[in-house]
Student: 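Pasting a structure here, questions to come.
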Amino acid sequence: MMYDYIIKPFEKALQAIGVEDVSILTFDIPKVAAHGDLSTNIAMLLAKKLGKPPRTIAQEIIEKLSFKDGIVSHFEIAGAGFINVRFGAKYYELALAEMGEQHNDYGRTTSGKGLKVNVEYVSANPTGLLHIGHGRNTAIGDTVANLLEWTGHEVTREYYFNNAGNQMNNLALSIRARYHHKAGESNYPFPEDGYHGTYIQLIADELFEQHTDSLLDDTKETLEVFRSAGEKWCFAAIMRTLDKMNVKQDVYYNEDSLYTTGKVKKVIEDLGAAGLAYDKDGAIWIALSKIDEKLTDRVIVKSSGEPTYRLPDIAYHRDKIERGFDLIVDIFGADHIATIPDVMAGVKALGLDSSKIKVLIYQFVTLTENGEQVKMSKRTGKSYTLDDLIEELGADVVRFFFIMRGINTHLEFDLSLAREQSDRNPVFYLQYAHARISSIFANAAGKEISTLGNVDFSLLNHAAEWQLIRALQRFPEAIKRASHQLEPQMIVEYLREVASSFHTFYHECPIVRAEENLRSARFKLLEITRIVLNNGLKILGISAPDKM
RNA sequence: GCACCCGUAGCUCAACUGGAUAGAGCAUCUGACUACGAAUCAGAAGGUUAGGGGUUCGACUCCCUUCGGGUGUACCA
C-alpha cells in the first residue's frame, strides 16, 4: 500500500535524476504534525555524493515526483532539505479499506518468511517457584516470540532446564531435612545452603503422607526419592504459573541430554582437534584468548572431571544452530552478563556463525510499595513469588508491567500503582479503549441502530478521525520495528498512541448519533480500531475485555 | 581494578536507532458528564537530556573523559 503509492514514486524520481541505488531511501514519521505524515532525508544523504546542496537536490527530486490523484495532498521542502509529504483523502480511504479486509490478520507481515527462530525463555531449574525476575524473563520472551510470529517467522518456544547437579542435590537435602522434622526429629540439621521456602515443607509433608516414616534412612535411594519428588512438584508448580501467564512453550530441553547423546563430549573433542582446548593442572581449558584477545582462558572441565557451565552452554548453542535455526534468541538476566562472551567465543571456535545468536539482557526488577523497596530474599523464603503477584494483580497487569519498560533499564515494579484499578494504572487505559468500543456497538445494537451500511470513507475528514487513521495505519510498521529491535516495549508505546487517538476521536465525534452515512463510516473506523487494539494486546499476551 | 547496563520535567518513563520545536502518565493548577462508559477528554505549568570535550549539514542517540547508581568479574549455575 504505502510502497506502491508513496515510495515507488520517490524511487522513480530518484532514478530520473540519475540515482541508481535507491535502497538508501527511508522515511520517518515526523514528531511535529506540521511537518506532515512522512518525511525523508534523502536529499541530505545525497548531498556529498552529488556535490550539491541538499535543498537543490530536494528541488530536483520534487520536480520529478508525481502521485496518483488524491494520494498526496501536499509535499514540500523544509528545513535543511527534508522532503515532507502529507497524505490525501484518497490515501486514507484506501488504507482503511485494506485494514478492514485484513481484519484479524491486520498487522501481520511476511518479512520473516522462511526464517526459523528459536526463542529460549523462562528456563528456570526445578528447584523452586518462579520469582519476580522469572516473570520479567517470561513476559519478554513470550512477547518477543509473538512479535516474531507476527512478522512471519517460524518460531519455536523453548525452555532449557537442568535437573541434575548441585542445586538439585541441595533441593533433595532440604526436603529430606523437612521430612525428618515432620517425623518428629526436630534436631535434624538443615543444610547450610538449603532452600528455605515454605514449599519445601509442603513437599516433605506430601511425602510423609505417602510414605509415612519409611524414608528416614539416609541412603542414596531415599535421597533420590526426595530429589525426584522435588523436581516433579516444582515443575508442576512452574507450569501452573506459566499457564496463568498465558504461556505455552513447544520444547523442553533437558541439559542432561547433552551428555547422554555425547554432544558435550564432542565439543571437547572438536575444540581439542582445533587446538583450542588444552590440559593444565588436571583440568581442561578452553583457549578463549586465541579466539578473542580480550578474553581469558577458562576451565571447561574441572580437575574433578565435572564440566563447568560453559561447556554444556556451548554444546547447547551448537545444537540449536545445527537444528537449523536462522535466529536464536536467549533471554537472560543481568547476572549472566559475564558468561555470554565466553559462550559466543566457544561457538565461534567450533566454526559456527555466532552472529545468529542474539542475547537479550534484561536488568533487574525492584518491587516498590508506597515509595519503599520491598525486600526480596531467597534465603528466608519470604520473597514475593510470581504466583503471589498474579494472585494479587491478575495476569494482565503483571505481564503489562513487565514489558512496559525497555529491556535494558531497571524496572521499578510499583505494587501500589499496579494494585490500583484506576486511571493511574496504564494497563487499564488500553483495555478501557477496547471495552468502550465494544460498549458503543452494544449500545447501537440495543437501540437497533445499524452499524453497517454503505461505507464511504471520504466522509471522514475531521482532524481527530485523520489522526486516528494515521495511527492505525502505522500498526504493521510498529510491529516490524519492534520485532526487528526485539523490543516489546515499543508495542506498548504504539498502542498507547492508538488508544489516545481513539479517546480523542470519541469525544470529538458522535458515532451512534451521527447522520446515517457518516455513522456507517465511523462504525467501520471503530471496528478497525478495535481490531488493532485486539491484535496488539494479543501480541502482548493481554486480554482485550468487552466490559471492565 | 576491569567488563556490561543506566543517568532525560518534582516522580515513573518515551523519543521510530543520527533528524526539524526532546514527548507521555502521575503529582500541581484550569475547564468538560440529565451525552455513545469521566477508568475519559481539552488546557496551563514544568528541561542547559548528570558535567566537559569531540565527530557533521544535524547529537538524548556515535566517540573520548569526569562524576554518580546498578550488575558481574570462580575448577558456583
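Chain letters run A, B, ... following the sequence lines, proteins first, then strands; residues in each count from 1. Keep in mind that the numbers below use all heavy atoms, side chains included, and drop hydrogens, waters and symmetry copies.
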Student: Could you state the atom-to-atom distance from CD1 of A:Ile440 to P of B:rA39 in whole Å?
Tutor: 14 Å
Student: To the nearest Å, give me how far apart CG (A:Leu430) and C1' (B:rA24) are.
Tutor: 13 Å
Student: Identify whether the glycosidic angle of B:rU73 places it syn (within 90° of 0) or anti.
Tutor: anti
Student: For B:rG58, give its Watson-Crick or G-U wobble partner with both distances under 3.5 Å, or none.
Tutor: none
Student: With a 4.5 Å cut-off on side-chain heavy atoms, are A:Ile511 and A:Phe523 touching?
Tutor: yes
Student: How far, in whole Å, is B:rA24 from B:rA9 if one measures between their C1' atoms?
Tutor: 11 Å
Student: Ring centres under 6.0 Å, that's the criterion: do A:His462 and A:Phe505 meet it?
Tutor: no
Student: Would you mind classifying the nucleic acid contact of A:Tyr429 as base, sugar-phosphate or nothing, using non-hydrogen atoms under 4.0 angstrom?
Tutor: sugar-phosphate
Student: For A:Leu271 versus A:Ala349, what's the shortest heavy-atom pair and its separation?
Tutor: CD2-CB, 3.7 Å
Student: By side-chain contact (heavy atoms from CB on, under 4.5 Å), which residues pair with A:Ala395, not counting sequence neighbours?
Tutor: A:Ile390
Student: With both distances kept under 3.5 Å, what pairs with B:rG37, Watson-Crick or G-U wobble?
Tutor: none
Student: Could you pull out the closest heavy-atom pair between A:Asp37 and A:Pro30, with the gap in Å?
Tutor: O-CD, 3.6 Å
Student: What orientation do A:Phe161 and A:Tyr159 show, parallel under 30°, tilted 30 to 60°, or perpendicular over 60°?
Tutor: perpendicular
Student: Round to the nearest Å and state the distance from A:Glu465 atom CD to B:rC36 atom C1'.
Tutor: 15 Å
Student: Each nucleotide in nucleotides 72-77 of chain B should get exactly one letter: B, S or -. Can you fill that in based on protein heavy atoms under 4.0 Å?
Tutor: S-SBSB
Student: In whole Å, measure the gap between the P atoms of B:rA50 and B:rA22 for me.
Tutor: 15 Å
Student: Could you check how far CD of A:Gln431 sits from P of B:rA39, rounded to whole Å?
Tutor: 15 Å
Student: Taking atom P in both B:rC60 and B:rG68, what distance in whole Å separates the two?
Tutor: 25 Å
Student: Just checking A:Pro341: base, sugar-phosphate only, or nothing, at a heavy-atom cut-off of under 4.0 Å?
Tutor: nothing
Student: Can you tell me how far P in B:rG47 sits from the matching atom in B:rU8, rounded to whole Å?
Tutor: 14 Å
Student: Using atom C1' in both nucleotides, what's the gap between B:rA45 and B:rC29 to the nearest angstrom?
Tutor: 8 Å
Student: Just name whichever nucleotide pairs with B:rC16, Watson-Crick or G-U, keeping both distances under 3.5 Å, else none.
Tutor: none
Student: Just name whichever nucleotide pairs with B:rG43, Watson-Crick or G-U, keeping both distances under 3.5 Å, else none.
Tutor: B:rC29
Student: Atom NE2 of A:His410 and atom P of B:rG70: how far apart are they, to the nearest Å?
Tutor: 9 Å
Student: Determine the interatomic distance between P on B:rA15 and the same-named atom on B:rA20; round to the nearest Å.
Tutor: 14 Å
Student: Taking atom P of B:rC4 as reference, at what distance in whole Å does atom CG of A:Asp342 sit?
Tutor: 14 Å
Student: Scan every strand shown for a Watson-Crick or G-U wobble partner of B:rU73, both distances under 3.5 Å, and answer none if you come up empty.
Tutor: B:rG1
Student: Need one value for A:Ala435: base, sugar-phosphate or nothing, where a base atom within 4.0 Å counts as base even if backbone is also close, heavy atoms only.
Tutor: base
Student: For a quick check of understanding: with a heavy-atom distance under 4.0 Å over all strands, which category does A:Lys294 fall into, base, sugar-phosphate or nothing?
Tutor: nothing
Student: Side chains of A:Asp330 and A:His336 only: does a donor on one sit below 3.5 Å from an acceptor on the other?
Tutor: no
Student: Is the ring centre of A:Phe27 less than 6.0 Å from the ring centre of A:Phe10?
Tutor: yes
Student: For B:rG7, which nucleotide in any strand shown is its Watson-Crick or wobble partner with both distances under 3.5 Å?
Tutor: B:rC67
Student: Would you mind reading off the distance between A:Leu526 atom CG and B:rG37 atom P, rounded to a whole angstrom?
Tutor: 11 Å
Student: Is the number of heavy atoms from other residues, nucleotides or ligands under 6.0 Å of A:Asn166 CG greater than 12?
Tutor: no
Student: Take the protein atom CD of A:Glu412 and the nucleotide atom C1' of B:rC11, then report the distance between them rounded to whole Å.
Tutor: 9 Å
Student: Of all the heavy-atom pairs spanning A:Ala315 and A:Lys263, show the shortest one and how long it is.
Tutor: CB-O, 4.1 Å
Student: Given the C1' atoms of B:rU12 and B:rA3, what is the spacing between them in whole Å?
Tutor: 29 Å
Student: How are the rings of A:Tyr160 and A:Tyr253 set to each other: parallel, tilted or perpendicular (split at 30° and 60°)?
Tutor: tilted
Student: Using the P atoms only, state how far B:rG18 lies from B:rC64, rounded to an integer number of Å.
Tutor: 16 Å
Student: Could you run through nucleotides 14-21 of chain B and give me one letter per nucleotide, 5' to 3': B if any protein heavy atom sits under 4.0 Å from the base, S if only the sugar-phosphate is that close, - if neither?
Tutor: SSBB-BB-
